[in-house]
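Below, chain A is the first sequence line, B the second, and so on; all start at residue 1.
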There are 2 protein chains.
Amino acid sequence: MLTIGQLAATAGVTVRTVRHYHHVGLLPEPERDASGYRRYNAQAAVDLIRIRTLADAGVPLARIDALLHAQPAEFAAAVTDIDAALQRKIDQLTEHRRRIADLASGEALVLPHEVVANLNRMRDLGASERMVRLERDVWILMQALDPDSMPQAIRDKTASFDDPETTRLFLAIDQSLDWDPHDPRVDRLIDDLDAWEIAHERDSSQPENPTLFFSLIVEESPAWQRILDVLAHRAKQRRTAV
Amino acid sequence: MLTIGQLAATAGVTVRTVRHYHHVGLLPEPERDASGYRRYNAQAAVDLIRIRTLADAGVPLARIDALLHAQPAEFAAAVTDIDAALQRKIDQLTEHRRRIADLASGEALVLPHEVVANLNRMRDLGASERMVRLERDVWILMQALDPDSMPQAIRDKTASFDDPETTRLFLAIDQSLDWDPHDPRVDRLIDDLDAWEIAHERDSSQPENPTLFFSLIVEESPAWQRILDVLAHRAKQRRTAV
DNA sequence: GCTTGACCTTGACGCTACGTCAGGGTTGGA
DNA sequence: TCCAACCCTGACGTAGCGTCAAGGTCAAGC
């Protein structure tokens, strides 16, 4: 007669594993001796070894019992089924590895290379890290909410760096984030931006749902709360006038 | 401001997922409105999307927070580390698939082909299913406890089928399992087996720890309890005489 | 004003296969 | 008699949420 430790050693598992199999009903509870110790016979050792043979092959515990008593045809079907499940998991993990490989740097985080290049160009132009992060977050939101408009938006943005006036405004925006909303410089910036919008009205393709983009910026800066409000108001007036 | 459902939809996850991230501290709890509802700003949406980008790539949740704030060098190191962990899992599952493929039939369960062939030959000779199962279990035990002696044991067993007397005894053993221990046929069988043992004493390489094998048989048959006892007694006397 | 359906809240169990204490009794050899 | 090594039950932890349960809130239609 074997104790639980001897049985476990025979099958190459831990004592906890044997008790777990009792708990889930995979291996029947044996008789107890006078002190309450479990006592196993040789058949239990054989049963446990057969269970481990399947478990070591990745068969879920819940299916092992049925498999041990299955006819060859059922057995083969179940094995095929389990093999397919294993393959699915492997495919999933392989996909994870592919994606992990794309995560070259923390900032990139699967943003297109052109966007990362644009962000770096912003840094070269003297933009603050805060502005770069804000811009990055806008791109992240856009990719999640409106991925179809990404290619055009990227082209527009890249082209904008070739226009000195746009670049100048961009840097002014960066500076203005910390201004008081009623700083007179804010009013001058609004005028400049309004003029710029009129000049570039042809390609004013708004995102589908601009609310989140706006709030992302507004959350960062009270001045920009006012700037966006005033600009929206003026644009509305223009449309009404027409 | 977004409700939890809107936030979840924005990032393509379930509400439960967002709450889970709050619970583990991955995403900070936002302000509540008058009725106790969570209210999120756009930054929360960006944060959640960044979290999911990593999670979708198989990064464990516990490591995501550190990764989001990591410098490029740390980030690259962590990514390499996580990639290696994924590869280990893939290798493990691949090994499972290899083993699963070996489980051609329930009876085989990774017993060597020669053993399965022997079991089938036993059936052909007229052995009962019970005897076949008993023999199979002995092989299973031997493979677990004393795999080194398997090849020789298999050769011996295979050869034994070519000896008519051994085969006759084997079938007699099968019959005897259900006999009463004091049936006179048991005594004649003991004499026959004793004579056989004497004739084959040269290759009596006992297994290292025969206890489990004996008990496997004894558990099945009271008659065999007596047979093994008597045979062991006689063998001991012979050794003493020498 | 009332109903109804969709949405929100917290709390808690379930899943997989055990690992790992905690707290306490049993055995066997020195 | 002591001590190490073993046994017992009970319960929490793991990873990442899914899925009730039981109840409050909101917005729209009647």
One thing to verify: whether [Y] and [X] come together as a salt bridge, which I'm taking to mean a side-chain N less than 4.0 angstrom from a carboxylate O.
X        : Y        : answer
B:Arg123 : B:Glu129 : yes
A:Arg133 : A:Glu220 : yes
B:Lys157 : B:Glu114 : no

Side-chain N or O of [X] closer than 4.0 Å to phosphate OP1/OP2 of [N]:
X       : N      : answer
A:Thr14 : C:dG19 : yes
A:Thr3  : D:dC6  : no
B:Ser35 : C:dC8  : no

Nearest-Å distance for atom pair [atom1]/[atom2], residues [X] and [N]:
X       : N      : atom1 : atom2 : answer
B:His23 : C:dT9  : NE2   : C1'   : 16 Å
B:Gln6  : C:dC8  : CD    : C1'   : 12 Å
B:Lys89 : D:dT14 : NZ    : C1'   : 11 Å
A:Leu27 : C:dC18 : CG    : C1'   : 15 Å
A:Arg19 : D:dC6  : CZ    : P     : 13 Å
B:His20 : C:dG14 : NE2   : P     : 18 Å
B:Tyr21 : D:dG16 : OH    : P     : 8 Å
A:Glu29 : D:dC8  : CD    : C1'   : 11 Å

Answer with yes or no whether the side chains of A:Tyr21 and A:Arg52 bring together a donor and an acceptor at under 3.5 Å.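 There is such a pair (donor and acceptor under 3.5 Å, judged by atom type) between the side chains of A:Arg52 and A:Tyr21.
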Would A:Asp47 and A:Gln43 count as having a side-chain donor-acceptor pair, cut-off 3.5 Å?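 Checked: A:Asp47/A:Gln43 side chains pair up, N/O donor to acceptor below 3.5 Å.
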Mapping A:Tyr37 and B:Asp33 onto DNA chain D by nearest heavy atom, which one lands closer to the 5' end?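 That would be A:Tyr37.
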On DNA chain D, nearest-nucleotide positions of A:Arg16 versus A:Arg38: which is more 5'?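 Here A:Arg38 is the residue nearer the 5' end.
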Would you indicate what A:Arg63 reaches in the nucleic acid, counting non-hydrogen atoms under 4.0 angstrom: base, sugar-phosphate, or nothing?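 The answer is nothing, as A:Arg63 stays clear of every strand by at least 4.0 Å.
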Using a 4.0 Å heavy-atom cut-off across all strands, classify B:Arg32 as base, sugar-phosphate, or nothing.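 Sugar-phosphate: the residue B:Arg32, judged by heavy atoms under 4.0 Å, touches backbone atoms but no base.
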